[in-house]
Every structure is written in C-alpha cells, then in structure tokens.
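Note: hydrogens, waters and symmetry copies are ignored here, and every other heavy atom, side chains too, is used.
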Amino acid sequence: MRARFGRYVLCCLAAAALAATASAQTRYTTVVIDPGHGGFDPGGIPGQRVPEKIMTLDVSLRLKPLLEKAGYKVVLTRNSDVFVPLGERVAMANSYPNSIFVCIHFNSATRSGANGIETYFYSTESAPLAASIHSAVVGGAPSENRGVRRRGYFVLRKTTVPAVLIECGFLTNPTEAQYAQSSDYRQKLAQEIARGILNRPALATRTAYTNRSSRVDVGLQPFLDQRFVRESGTKHRRHKTSTKKKSSSTEEKKVSSEEQ
C-alpha cells in the first residue's frame, strides 16, 4: 500500500514538473519590427548615395504582411519617414512580453569594398533567433557571410524580449547598393527574414540571467564576441545630437548610436 502511494506521489511530482516546464516556455505571438533610422537621421555615413532609412522602412513594410499571414501580430516602431528615439523603440518592444524584436538595418563603410551580411544579438535567449534569421538571409542573398556577432547595442541590451539586429548588406558597396535598390531584392530580403523567424518558433527559455552570459550557441555560423573589438573597415553611424555634449561614461556615449 505504501509502495503504491509512493509511486502515486512520484507520478504527481513528475506531472507537476512537466507542467512547470511547459509554463516556463514562452510562446511568442508578436513580432516588433524596427526599421532603422528615419526622419532627420538618414543612417549611413556622410556622402552616402543610397539612404538607409528608406531601404530599412521598405523591407520592414514588406516583412509585416508575411508575418501576419503566418499568424503573428506585427508592430512597427515606425511606418513612415519619422525619427523615433531609441528609448521609445525599446519601450515599444518591452510592452509586448510575448514578442520578439527585429531591427532592420543596412551597413556602411568608408571602404567601398566592404560587403556582406551580419547579424547581431546580445542576450543568450536571442542567439538562436539571430542564427536562424542570419542563416536564412545569407542563404538567399548573393553576399558574403560576415557571421553572427554578439554586441551590446542599446536596442539589444535594453530589451527584455529576444532581440536581433540584422545588417542586410553595405549600401556603400556598389554591387550591394544596386541589389538594395531593386524592389525584388528587398522583397527577397523580407521573405528570408520571415523564413528565419518562422524556422525558430521555440526560443530559449527566459531566465533572470539571459543578458549575462557570453557563452551561447549560434549554430554553425561564424561567431565573434565584439563587445571589446573595434572594426577598422566599418563605421557605425551616430546621430548629430551625439556631438552636443561629451559624457565621461562609455555607456552613455554608446546610446547616441542608432544601432546601439
């Protein structure tokens, strides 16, 4: 009798553990899309011919119906040529607890030969999503694979949901700029980003420590922890407002960058 009762208790405990595990898994039902830059901030570098803010918005607007068709609720941080402060973008993403945050960007560099696609994440739970989106986009684009990288950009570091920033090629590269100006290519980018999101419906379980670990698995993609590495060939854009006052804190300086 006692043995049967003991087995019953163990079965109940096992069932409770499975239920707790299932409830701990977050079901992501919303995608917050963040078209980089906008308004007075065109993105890119001085003298850049193709405006990044127009390209990012167009890809984002193409991505939205693709995800809605798949059943996601989709929110855009901007749907026109306006500037939205970084804090507001982050707050918008964080207001949807069952969401993922996808920032759409194009890259730029003073060296016209710089090319390729790269994807960034910061929190551990964001790594699988970054790898999935990056793999899909690289697989569908005729551009170099620059890898999946961890970096503490503001919009990645301050979000409390899985967040990814993808650079869809260099607008300062003549070939990739020509690609980006094609509506068919921008549609292709949107389709591949959507495919990357749909291929990764079950993301890592959320914990209180997801933003603290740099030992994460990003699949078979090249991985570089670049929080403390400065790239010589690529210039990351900064707002005009960042030159108005200097801060003694490196953290505050980073916030002035659109990508950060």
Side-chain angles (χ1 to χ4, degrees), residues 18-36 38 55-80 82 84 88-106 117-141 148 155-156 158-169 183-207 210-211 216-221:
L18 287 173
T21 300
S23 63
Q25 298 290 336
T26 304
R27 179 174 176 80
Y28 298 95
T29 59
T30 302
V31 180
V32 180
I33 305 173
D34 179 33
M55 300 294 104
T56 60
L57 179 60
D58 185 83
V59 172
S60 299
L61 290 173
R62 293 172 184 273
L63 176 59
K64 184 175 186 288
L66 297 176
L67 294 173
E68 288 176 333
K69 186 177 180 180
Y72 285 96
K73 175 180 180 179
V74 180
V75 178
L76 288 167
T77 59
R78 67 181 183 96
N79 56 17
S80 61
V82 296
V84 180
E88 290 185 19
R89 300 177 195 234
V90 168
M92 194 177 299
N94 291 342
S95 68
Y96 296 93
N98 293 332
S99 71
I100 58 176
F101 186 52
V102 180
C103 306
I104 309 297
H105 282 261
F106 283 81
I117 292 169
E118 57 193 0
T119 304
Y120 293 100
F121 72 98
Y122 182 73
S123 70
T124 303
E125 65 178 349
S126 303
L129 178 63
S132 183
I133 292 177
H134 185 80
S135 177
V137 175
V138 168
V148 178
V155 291
L156 302 182
K158 295 297 184 179
T159 44
T160 56
V161 300
V164 168
L165 187 152
I166 179 164
E167 297 275 8
C168 299
S183 59
D184 288 343
Y185 185 72
R186 295 194 300 273
Q187 182 67 26
K188 178 67 171 174
L189 286 173
Q191 290 171 346
E192 297 301 339
I193 294 170
R195 185 163 68 90
I197 293 172
L198 297 176
N199 284 347
R200 196 73 197 195
L203 303 179
T205 303
R206 195 170 296 171
T207 74
T210 52
N211 283 335
V216 293
D217 179 15
V218 292
L220 299 178
Q221 302 301 326

What pair of heavy atoms forms the shortest contact from [X] to [Y], and how long is it?
X: Val161; Y: Pro97; value: CG1-O, 4.0 Å
X: Ile117; Y: His134; value: O-CE1, 3.2 Å
X: Val148; Y: Ala131; value: CG2-CA, 4.2 Å
X: Ser99; Y: Tyr28; value: O-CD2, 3.3 Å
X: Thr160; Y: Asn94; value: N-OD1, 2.7 Å
X: Val32; Y: Ala93; value: CG2-CA, 4.1 Å

Without swapping roles, check the side chain of [X] against the backbone of [Y] for a donor-acceptor pair under 3.5 Å.
X: Ser135; Y: Ser132; answer: no
X: Arg186; Y: Thr56; answer: no
X: Arg78; Y: Gly36; answer: yes
X: Asp34; Y: Val90; answer: no
X: Arg89; Y: Val84; answer: yes

Is any side-chain heavy atom of [Y] closer than 4.5 Å to one of [X]?
X: Leu189; Y: Ile166; answer: no
X: Thr77; Y: Phe101; answer: yes
X: Val74; Y: Thr30; answer: no
X: Leu66; Y: Gln187; answer: yes
X: Tyr72; Y: Thr29; answer: no
X: Leu76; Y: Leu61; answer: yes
X: Ile33; Y: Val75; answer: no
X: Val102; Y: Leu165; answer: no

To the nearest 0.5 angstrom, please state how far the [atom1] atom of [X] sits from the [atom2] atom of [Y].
X: Leu198; Y: Leu67; atom1: CG; atom2: CG; value: 6.5 Å
X: Met55; Y: Ser60; atom1: CE; atom2: OG; value: 11.5 Å
X: Cys103; Y: Phe121; atom1: SG; atom2: CZ; value: 14.5 Å
X: Asn98; Y: Lys73; atom1: CG; atom2: NZ; value: 10.5 Å
X: Ser123; Y: Lys158; atom1: OG; atom2: NZ; value: 13.5 Å

Quiz item: Do you know which of Leu63, Val137, Ile133, Ile197 makes side-chain contact (heavy atoms from CB on, under 4.5 Å) with Glu192?
Solution: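 So, applying the side-chain contact (heavy atoms from CB on, under 4.5 Å) to Glu192 and each of Leu63, Val137, Ile133, Ile197, only Val137 qualifies.
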Quiz item: Is the closest basic N to carboxylate O distance between Asp58 and Arg62 below 4.0 Å?
Solution: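 Yes.
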